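These notes are about the structure you will find just below.
Since the model is a prediction, treat every value here as computed from it, not as a measurement. Letters A, B, ... are given to chains in the order of the sequence lines, protein chains preceding strands, and every chain is numbered from 1.
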Amino acid sequence: MTGDPADDAAGAVPDGGTVAGETAGGSGGSALAGLRERDDFVVIGMAAALVAFPFLLIDVLGGVGDAVGLSVGGYSGLPSLVLIYGIVVIGFNLLLGYTGLLSFGHAAFFGSAAYAAGLFSQVVPSPILMVVVGTLVATLLAWPIGFVSIRRSGVYFAVLTLTFGQALYFWALGPGSWLTDGDDGFSGIEADGLFLGALPLDAEPIPMLDSYTVMYAFTAVVMLVGVWAANRIVNSPYGLILEALGENEERVEFVGLNVFRYKLMAFMISAVFAGVGGAMFVIHEQYIHPTTGLYWIQSGDFVIMTVLGGTGSLVGPVLGALVFEYVANVVSGVSLPVVGSIGSLWRFVLGAVFVFIVWVFPRGIYGAFADLARYATGGGGGSGGEEPAAADGGERE
Amino acid sequence: MMILQSQIASILLNGLQQGAIYALLGIGLTIILGTMEFLNLAHGALYLVGAYTGLIVFQETALTNGLLYNSGITSIGFEGGFLAAIVLVPIVGFAVGLLMERFVAEPFYDRPETDQLLVTFGLALILEETVKNVIGGNTFQSIAPSTVFGVNVSQPVSLPLVGLFPSWRLIIIGFAFAVIGLTYLAIERTDFGLVVQAGTRDSEMVRLLGIKINRSYSLVFALGAALAAFAGLIGASIQTVSPQIGTTQALVPAFLTIVVGGAGSVRGAIAGGLVLGVILSAMTQTYSQWAQIVLYLFVALMLIFRPEGLFGTAEVGE
């Protein structure tokens with residue numbers, strides 16, 4: 001829609017813009033919608049949110065919690081963890097929300113990157129190189145898996161991706177123990193400082209605000225790069241083809257585009273995001289176990305975060321990751337006056353939150369906010385063009 | 001030569017037992033997916049319901065934690081024995097299935113499959129956590145009776161080729177296949193089955209022909225739930241019971257079974273279950289470390305080279 005001639009995808013696919021124009025037809029943007037699609041707007045907005053996020057989550061919520069006597073504030077590692085999962089699900093959403101492919105095997109890329117980064121850290125403990133190596137391994141793994149899985153659709157695609165993930169999980173648990181330490185989990189990962197050994201990750205450079213660690217800054221920067229890249233992809237002709245694929249695959253094929261290639265590319269891109277997230281995860285946790293890294297429940301968690309946040313928007317899934325991790329890590333520690341400690345009930349709360357959100361807000365948390373904003377501003381006609389995938393992508397079959 | 005033969009016979013018998021559980025799960029899932037195009041991630045939770053109902057009906061079980069224990073109830077169970085469980089478990093499963101269809105699935109028939117996934121996964125979590133918090137998160141022993149109809153079944157019997165085999169397991173295989181056979185006949189030979197079959201092909205057409213398919217939907221869903229619950233009972237009689245069994249032991253195998261057999265096909269679910277059961281038992285008895293890996297890779301190869309499954313005709317979801 002922006003029709004940026006400098007975009008590399010535009011050069012590769014000259015007729016991409018035509019398809020996009022057809023599918024996203026009628027979404028003529030108002031000035032505001034135009035502004036929102038600009039790269040710098042998205043990146044600056046995200047950067048502002050990232051700067052405020054730990055303060056809001058830990059200091060403000062913690063303060064509120066102290067006032068009412070409930071421990072509702074996050075612990076200091078939580079903002080980084082939310083962002084790490086946020087990175088994964090932004091990429092996952094490019095596959096699920098835009099291209100319309102439901103993978104149940106993305107833990108394979110998350111976990112393999114985590115193990116690869118962990119193993120590499122025994123040689124060179126540089127966090128940046130760990131991320132590079134982890135992502136590389138995840139991408140290399142995604143190619144063959146994507147190559148054979150993309151040929152199937154619907155439940156078949158989901159189960160096929162799941163089988164590869166599960167095979168890898170059971171390999172890491174059993175026969176691959178020599179490499180992964182099996183059921184004991186892979187531990188002893190010590191990432192060095194960020195730049196040439198300087199800037200240790202657990203340092204807290206800002207006095208009073210101990211949640212702003214170097215690790216958080218690192219994650220935030222990676223997140224920003226991820227958002228920027230995803231935004232570029234989504235708003236390029238390339239991204240519009242992906243979106244068109246989610247809406248009507250046959251039509252894209254009739255136009256003469258190589259559907260297989262675009263789907264595979266979307267799969268690979270999402271695996272790159274999962275790989276970055278996996279490597280960051282192992283740097284953050286300094287430990288990885290087949291169950292947290294490779295088991296299908298982890299893949300399921302990615303699906304849930306994405307749908308919970310809202311598949312129709314770029315950053316919606318990050319909200320899903322926030323709610324998911326908040327319930328898992330903070331709500332579990334809350335102790336209520338009558339009910340007592342929530343503790344082991346947190347998964348019950350999580351299930352109830354899923355059911356509630358999917359029931360009341362079919363377009364996810366982001367969709368709920370978008371509706372609220374539109375309602376507050378008196379119902380704008382331009383908002384339909386803001387997120388074309390939200391309106392149509394949700395009903396793809 | 002004798003050793004090889006006896007090993008093969010033993011693999012087949014164990015495979016039959018595991019395969020029966022997979023087939024029961026798969027039939028339920030496949031008719032729900034086929035007729036309603038509803039992706040039910042709470043199918044494993046129905047297995048869980050069956051296992052715990054079986055546990056409670058079958059015997060008196062001492063509790064060690066959970067809500068009931070904390071409120072002074074130290075044991076639960078009716079000591080009804082296994083035959084009572086065989087009757088009651090499917091009934092409970094059927095009732096849970098009816099409720100689930102009416103209150104959870106039905107509002108989501110026209111929603112995208114990701115919404116169905118989310119709501120049923122949420123429901124599965126809620127059911128699992130309810131069981132865990134009320135009855136307790138600990139692992140219970142499997143429930144194998146010592147006598148059935150006054151006949152002692154706790155001793156192994158000597159079979160030709162196989163050698164000693166727990167007689168209880170033989171009976172389990174018999175029960176499971178009796179239920180599978182009845183279900184198969186119900187789908188293939190009755191009017192209700194005809195509607196279900198037609199529904200898996202083209203539910204809109206069935207509705208246009210004036211058949212009240214919504215009522216059939218409830219029945220199909222409840223039937224599928226009853227079968228899953230029965231699978232849970234069978235599973236509980238040979239494996240330990242804990243709140244996680246729904247997601248770890250039932251849900252994924254159910255999906256593997258139907259894609260191997262061909263989604264929407266009852267015959268396929270039975271065949272798929274047996275094939276997976278035999279593969280798993282063969283690998284477990286030979287290279288047990290690789291058992292699960294080979295199982296998943298087999299399903300992957302199946303999906304790559306024969307996506308229509310053993311008995312399916314076309315892919316669902318296209």
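Proximity to chain B is absent for every atom of A:F157, based on heavy atoms less than 4.5 angstrom apart. Neither the backbone nor the side chain of A:F356 comes within contact range of chain B; no heavy atoms are under 4.5 Å apart.
In this structure the side chain of B:D115 never reaches within 4.5 angstrom of the side chain of A:W359, judged on heavy atoms.
Of all non-hydrogen atoms in B:P307 and A:R152, the two that sit nearest each other are CB-NE, 3.2 Å. In terms of heavy-atom proximity, B:L117 sits nearest to A:L102 at CD1-CD2, 3.1 Å.
Atoms OH and OH, from A:Y169 and B:Y296 in turn, are 9.0 Å apart once rounded to the nearest 0.5 Å. A distance of 11.0 Å separates CD of B:Q289 from CH2 of A:W171, quoted to the nearest 0.5 Å. Note: A:T163 OG1 to B:L295 CG = 10.0 Å, rounded to the nearest 0.5 Å. With rounding to the nearest 0.5 angstrom, the CD atom of A:Q166 is 8.0 Å from the CD atom of B:Q292. Here the straight-line distance linking atom CZ of A:F348 with atom OG1 of B:T130 works out to 4.5 Å at 0.5 Å rounding. Distance OG1/B:T120 to CZ/A:F354: 11.0 Å, rounded to 0.5 Å.
Ranked by heavy-atom pairs under 4.5 Å with chain B, the first of A:G364, A:G300, A:A167 is A:A167. The candidate from B:L127, B:T247, B:L123 with the greatest count of non-hydrogen atom pairs under 4.5 Å with chain A is B:T247.
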